[in-house]
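Indexing begins at 1, ligand by ligand and atom by atom, following the structure's order.
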Amino acid sequence: MAHAPGDPHVLVLGGTTEARALAAALAEVAGLRATSSLAGRVAEPRLPAGEVRIGGFGGPDGLAAWLRAERVAAVVDATHPFAAVMSGNAAAAAAATGVPLLALRRPGWAPVPGDDWHPVASLADAAALLPALGRRVLLTSGRQGIAAFAHLDGLHFVARSVDPPEPPLPASLDVLLDRGPFTLDGERAVLREHRIDVVVTKDSGGAATAPKLTAARELGLPVVVVTRPPLPAGVPVAETVPAALAWLAARGLTPR
Ligand code: NAP
């Protein structure tokens, strides 16, 4: 929807399904300007509705300058739960400028009976644990996470990512270029066809990439789960897009 020069401006830090859903909702609001920001990591990103800018801001100071220059009234940090640098930058820039900040974070996954989960604090810890758990690994930690496993010569990796990964890479590696949402049947097939005996994932949460957890449970496979980095202190959190819209409505930015 077209916006006028004096309309309040909301910045959505994106890169997630929820960020796209929020952008779609905000694009329908009359009298509001909304901009989605993407890091530019993915060669052909799924673009959100409405105005989009791509690329880093230049740290917290660059983001603060952007918030001032673009007269931003509120920021919703809807980045991926593991995009901790950007979330920290958003908190610092919001504190420096006084612009209200909300984190939109889908809940993490929780194990259910039958799961054999091994929580670890980092990809490096996942790599240290892996040799004790299996030999053929499905790695779903994203293109940039694969380097943490490059030194594990004795294991075979099947790594799934949106774009091709870059070195350093494990010596024995098959790459599956794909992006979610994934189906349970599809995940069963991946585990079977590649004779996977252990899965590595971040605790991304959400439905789009959860079927691998069900498929692993069915086959009795261990799953190494990298737990989430903490959010910056003092930032309010909404778990759903409607809750984020309610937060914006409470600031008079969207209709109640
Ligand atoms: P990160 O490590 O937290 O951020 C590194 C730098 O990338 C930031 O300092 C910032 O650069 C830039 N950046 C990150 N998100 C941005 C955004 N939405 N708009 C503009 N600049 C952004 O981030 P990351 O983990 O590499 O993730 C990058 C993007 O991919 C995020 O948008 C995230 O939502 C998405 N994503 C990440 C994961 C994951 O597992 N980490 C998974 C799926 C999607 P400047 O300091 O120059 O501003």
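Taking every non-hydrogen atom of Ala84 and a distance limit under 4.0 Å, the qualifying atoms of ligand 1 come out as 3 (O). Residue Phe82 has at least one heavy-atom neighbour below 4.0 Å for each of these atoms of ligand 1: 25 (O), 40 (O), 41 (N). Taking every heavy atom of Lys202 and a limit of under 4.0 angstrom, the matching atoms of ligand 1 come to 39 (C), 40 (O), 41 (N). Applying the 4.0 Å criterion to heavy atoms of Ser37 picks out, from ligand 1, the atoms 17 (C), 18 (N), 19 (N), 20 (C). Those atoms of ligand 1 that come under 4.0 Å of a heavy atom in Gly59, given as number and element, are 45 (P), 46 (O), 47 (O), 48 (O). Close approach to Val85 involves these atoms of ligand 1, each under 4.0 Å from a residue heavy atom: 1 (P), 2 (O), 3 (O), 4 (O), 9 (O).
Using a 4.0 Å cut-off between a side-chain N of Lys or Arg and a carboxylate O of Asp or Glu, Glu239 and Arg106 do not qualify as a salt bridge. Taking the charged nitrogens against the carboxylate oxygens, Arg217 and Asp115 do have a contact shorter than 4.0 Å, which makes a salt bridge. A salt bridge is absent between Asp163 and Arg41: the closest approach of a Lys/Arg side-chain nitrogen to an acidic carboxylate oxygen does not fall below 4.0 angstrom. One finds no salt bridge joining Glu18 and Arg105 here, because no Lys/Arg side-chain nitrogen approaches an Asp/Glu carboxylate oxygen to under 4.0 Å. The pair Glu218-Arg192 does not count as a salt bridge, with every side-chain nitrogen at least 4.0 angstrom from each carboxylate oxygen.
Within the 4.0 Å heavy-atom shell around ligand 1 one finds Gly14. The shortest separation from a heavy atom of Gly55 to ligand 1 is under 4.0 Å, placing the residue in contact. Residue-ligand proximity: Leu63 is placed with every non-hydrogen atom at 4.0 Å or more from ligand 1.
Less than 4.0 angstrom separates atom 41 (N) of ligand 1 from at least one non-hydrogen atom of the protein.
Residue contacts with ligand 1, taken as heavy atom pairs separated by less than 4.0 Å, involve Asn89 solely via side-chain atoms from C-beta onward.
Side chains of His151 and Asp153: no donor on one and acceptor on the other come within 3.5 Å. For the residue pair Asp203/Thr227, the side-chain donor-acceptor check at 3.5 Å is not satisfied. No hydrogens or angles considered: nothing links the side chains of Arg53 and Thr35 as a donor-acceptor pair under 3.5 Å.
Atom 29 (C) of ligand 1 has as its closest protein heavy atom Ala39 CB, 3.7 Å.
Comparing Arg41, Arg53, Met86 against atom 3 (O) of ligand 1, the shortest heavy-atom distance belongs to Met86. Nearest residue to atom 35 (C) of ligand 1 from Ser87, Gly15, Gly40 is Gly15 (criterion: closest heavy atom). The heavy atom nearest to atom 33 (C) of ligand 1, out of those in His80, Glu18, Gln144, Arg143, is found in His80.
Under a cutoff of 6.0 Å and an axis angle of 45°, Arg68 and Trp66 do not form a cation-pi pair.
The shortest N/O to N/O separation between Thr79 and ligand 1 does not fall below 3.5 Å. For ligand 1, one of its N or O atoms has an N or O atom of Ala83 under 3.5 Å away.
Ile196 is not connected to Leu184 by any chain of hydrophobic side-chain contacts under 4.5 Å among Ile, Leu, Val, Met, Phe, Trp and Tyr, and they are in different clusters.
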